[in-house]
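Since the model is a prediction, treat every value here as computed from it, not as a measurement. These numbers come from the heavy atoms of this one structure, side chains and all, not from hydrogens, waters or symmetry mates.
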Amino acid sequence: MKIIVYAKPGAHENRILQLEEKIFSVAVTAPPVDGRANEAIRESIAKYFKVGLFRVHIVSGGKARIKTVEIIGI
């Protein structure tokens with residue numbers, strides 16, 4: 001399954017809000033430095049969907065706030 005993620009790095013707390021069926025807003029406390037925010041986003045999505053981290057991949061938008069994320073097995 002592919003979803004669209006609006007990333008919010010450097011937030012006060014980690015949280016995920018579902019905006020539409022396959023569109024999510026993901027706020028993480030990690031800064032957008034050296035891929036730390038992307039890794040935190042992957043971890044948050046894996047926890048939200050209750051899948052292993054290895055099943056969550058950022059397909060596009062690695063350096064942008066709007067990302068396409070693929071979750072394998074859902």
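Distance check: N14 CG to E43 CD gives 9.0 Å after rounding to the nearest 0.5 Å. Taken to the nearest 0.5 Å, the CD1 atom of I45 stands 10.0 Å off from the CD1 atom of I74.
Heavy atoms only, all atoms of each residue included: S44 and V26 are closest at CB-CG1, 4.2 Å. The two atoms that bring A27 and A11 nearest to each other are CB-CB, 3.7 Å, heavy atoms only.
Applying the ring pair (Phe, Tyr, Trp, His ring centres under 6.0 Å) test to every pair with at least one member in residues 52-74, sequence neighbours left out, gives no pairs at all. Every pair tested for salt bridge (charged side-chain N to carboxylate O under 4.0 Å, His left out) that includes a residue from residues 7-31 fails, sequence neighbours excluded, so the list is empty.
With sequence neighbours excluded, the residues forming a side chain to side chain contact (heavy atoms under 4.5 Å, CB included) with R55 are V51, I72, listed by chain and number. With sequence neighbours left out, the side-chain hydrogen bond (donor to acceptor under 3.5 Å, both in side chains) criterion links S25 to no other residue. Partners of Y48 according to the ring pair (Phe, Tyr, Trp, His ring centres under 6.0 Å) rule, which considers only residues two or more places apart in sequence or in another chain, are F24. For E39, the side-chain hydrogen bond (donor to acceptor under 3.5 Å, both in side chains) partners two or more places apart in sequence, or in a different chain, are R42. Taking K67 as the reference, N38 meet the side-chain hydrogen bond (donor to acceptor under 3.5 Å, both in side chains) condition, with sequence neighbours excluded.
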Q: Kindly determine whether F49 and I16 satisfy side-chain contact (heavy atoms from CB on, under 4.5 Å), including the steps that lead there.
A: CA-CA 11 Å; F49 285 99; I16 295 181; over 6 Å; no
**Q.** Chi angles and distances behind the side-chain contact (heavy atoms from CB on, under 4.5 Å) call for I58, T68
**A.** CA-CA 6 Å; I58 297 175; T68 302; over 6 Å; no
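In the hydrophobic clustering of this structure, M1 groups with V56; members are Ile, Leu, Val, Met, Phe, Trp, Tyr whose side-chain heavy atoms approach within less than 4.5 Å, directly or through other members. Placement of I71 and I4 in two distinct hydrophobic clusters is found when ILVMFWY residues are connected by side-chain heavy-atom separations under 4.5 Å, directly or transitively. If you chain together hydrophobic residues whose side chains sit under 4.5 Å apart, I66 and L19 fall into the same group.
More than 12 heavy atoms of other residues, nucleotides or ligands shown are found within 6.0 angstrom of CZ on R36.
The hydrophobic side chain of L53 is isolated, with no ILVMFWY side chain under 4.5 Å apart from it.
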